[in-house]
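Here is the structure we will look at, set down as structure tokens.
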Amino acid sequence: MVVSAEVLLQESIIEALRQCMNDGSLPLSAVPDDIVIEKPKNPSHGDWSTNAALRIVKHLPGRTPMDIAQTVVAHIPEHTAFSSMEVVPPGFINARLSEEFIAAQLQEMYNSPRLGVPEADDPLTVVVDYSAPNVAKEMHVGHLRSTIIGDALTRILTFLGHTVIRENHIGDWGTPFGMLIEHLIDVGDAEGLEELSVGELGAFYRQARTTFEGNPAFQERSRRRVVLLQSGDPATLKLWRTLVDASLDAFETIYSELGVLLTREDVAGESQYNDGLAQVVSDLRSWNLLVESDGAQCVFPPGFFNRDGSPLPLIIQKSDGGYGYAATDLATIRDRVDRLHADRMLYVVGMPQSQHFAMVFAVASMAGWLPSSVEATHVAFGHMLGTDHKMFKSRSGNTFQLQRLIDEAVDRARTAVVERNPELGREECESIARMVGIGAMKYADLSNDRTRDYVFDLDRMLSFEGNTAPYLQYAHARIRSVFRKGNVSPADTVPSLPAHAPAERALALHILSLESVLADVARSCRPHTLCTYLYELSSLFTAFYEQCPILKAATPDERAVRLALAHLTGRVLHEGLGLLGIAAPDQM
Ligand code: ARG
């Protein structure tokens, strides 16, 4: 197993502190829990650094951070991983890893098909709720973001050995279905399906809405249809199924274009929880949590307020008896906890629903449906903005069609790929263009902190320079080309020799943090951390490539070590991009 140097240093410091407490050299009552281990910005300050002494001094008046740091260092257990521990003002401890340690760790990683990343000892069952578009409505950019982020998290958690259950909580139930079904009857199955199947979901919905608004008789029919739907009328259910299937076909076209993992088996739409809704209400009522407010059945979880300071209700059942979105989400939580035995539930949904989830989780805890041993997290994300920094809209003012967005990215990627590789065959070009175009779109989304809005800028995301997918894919392809050109197989490389040049050492050290980066993403659900890691890896590789000739190295040993570093970099890029759902072509 690859040992994280960061963890090793942390453990060594804690061990040293215990000894200092035992022999009285640092009379602390407990080891402080706010010790930070970080990578110094300036590499001459060592490979890892800690502020431990600066934290401890607060508990030991009269001592100085410098003297504390020296005492700690004197107690650090002998470990071959560190070649030096230096104390520098105002009291930092800077550790430098030994070359033997780096070489041994690299070799571990090199020999491991999983790049030294262990599978969780204690695998969790994680439900990832993502994508979740609405039937007979267009999938919009918010659903696109959810699909991309949720898919990356799913891949990373699965790689780390967890049991991941994907749930596509599509909006396939509710009052609009009365209107949609009546509209389907009016336009006829054939035409309706035609419209739906080409992905014109938005148009279908808008037409239904327009008819509904201008036609009282249609409104009445729609209302009756909702009642029929809820009572399980077979003919109505059949029409409903037609709508759902047509929409799923349209969604699946997008999923397969994007190469995401979601399949039809992952669909767990709102309709699936109908049977649990009445139970949600009656249980809440029997525990005296339900309060009637303006005719609606509500729960008032503590800590939520309206703007005017009055308590904010979560509406469970509307005054007309209909159940809302919140009731469905409560029934969903019960299902995920009781039937699926989830340890962790991630909801990859836009930021505007933050309050909804906070309240739903609060009510679920009050009702005992969400035990404290189960984590429920809203993995919120910001808006996608146009290059004008306004909310993303198509030129015509309707919600932009995702398919067109994808086509445009692939078209532009094709142009770039053809320009750079005029010798490539048509088919090959096409396949690379898809990897680059779609990879660029995904990466542009994933590389920003998800909670922030980001600008959808095709020119920038497709640039071969900067923090973009093409830049990373190109670094990977360049490594593959070194091996092609040199006609060497990875088997001819030697990973175990210590690397000497500063660019080699910096690259090697960076490679070794893969595991801790993935652990961090799994915890924080922030895939941009992995993007930053891969971008830095590519930049360090570029520096190494420029400073350290690989095929023309001075000695066979040096050549073998450099080939090994290049090969390992290539594998990490390939795996890392793959975990983000991005393909890495062998040439581009
Ligand atoms: N269909 C919803 C929407 O389009 C998203 C559903 C998210 N998941 C959930 N469990 N509420 O906004």
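Ligands are counted one by one from 1 in listed order, and the atoms in each one are counted from 1 as well.
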Heavy-atom gap Glu167 to ligand 1 smaller than 4.0 Å: no
Quick one: look up the protein heavy atom nearest atom 8 (N) of ligand 1 and list residue, atom name and how far away it is. Asp129 OD1, 3.2 Å
Subset of ligand 1 atoms that lie under 4.0 Å from at least one heavy atom of His143: 3 (C), 4 (O)
Kindly state whether the ring of Tyr273 and the ring of His169 have centres lying under 6.0 angstrom apart. yes
Kindly indicate, with the supporting measurements, whether the criterion side chain to side chain contact (heavy atoms under 4.5 Å, CB included) is fulfilled by Val226 and Leu229. CA-CA 5 Å; Val226 176; Leu229 182 64; 5.5 Å; no
Taking the side chain as every heavy atom from C-beta outward, state whether Thr451 and Arg526 have any pair of such atoms under 4.5 Å apart. yes
Checking a contact table here: which protein heavy atom is nearest atom 12 (O) of ligand 1, and how many Å away? Gln353 NE2, 2.9 Å
What atoms of ligand 1 come closer than 4.0 angstrom to any heavy atom of Tyr347? 10 (N)
Can you tell if the side chain of Cys525 reaches within under 4.5 Å of the side chain of Arg344, non-hydrogen atoms only? yes
Any cation-pi pair here, Arg114 with Phe159, using under 6.0 Å and within 45°? yes
Asn134 vs His140 side-chain heavy atoms within contact, under 4.5 Å: no
Show the atoms of ligand 1 that are less than 4.0 angstrom away from any heavy atom in Asp329. 9 (C), 10 (N), 11 (N)
Any Val349 heavy atom less than 4.0 Å to ligand 1: yes
Of the choices Phe357, Tyr130, Tyr325, which has the non-hydrogen atom that lies closest to atom 5 (C) of ligand 1? Tyr325
Check this for me - ligand 1, Ile170, N or O atoms closer than 3.5 angstrom, yes or no? no
Less than 4.0 Å between a side-chain N and a carboxylate O, is that true for Arg414 and Asp411? yes
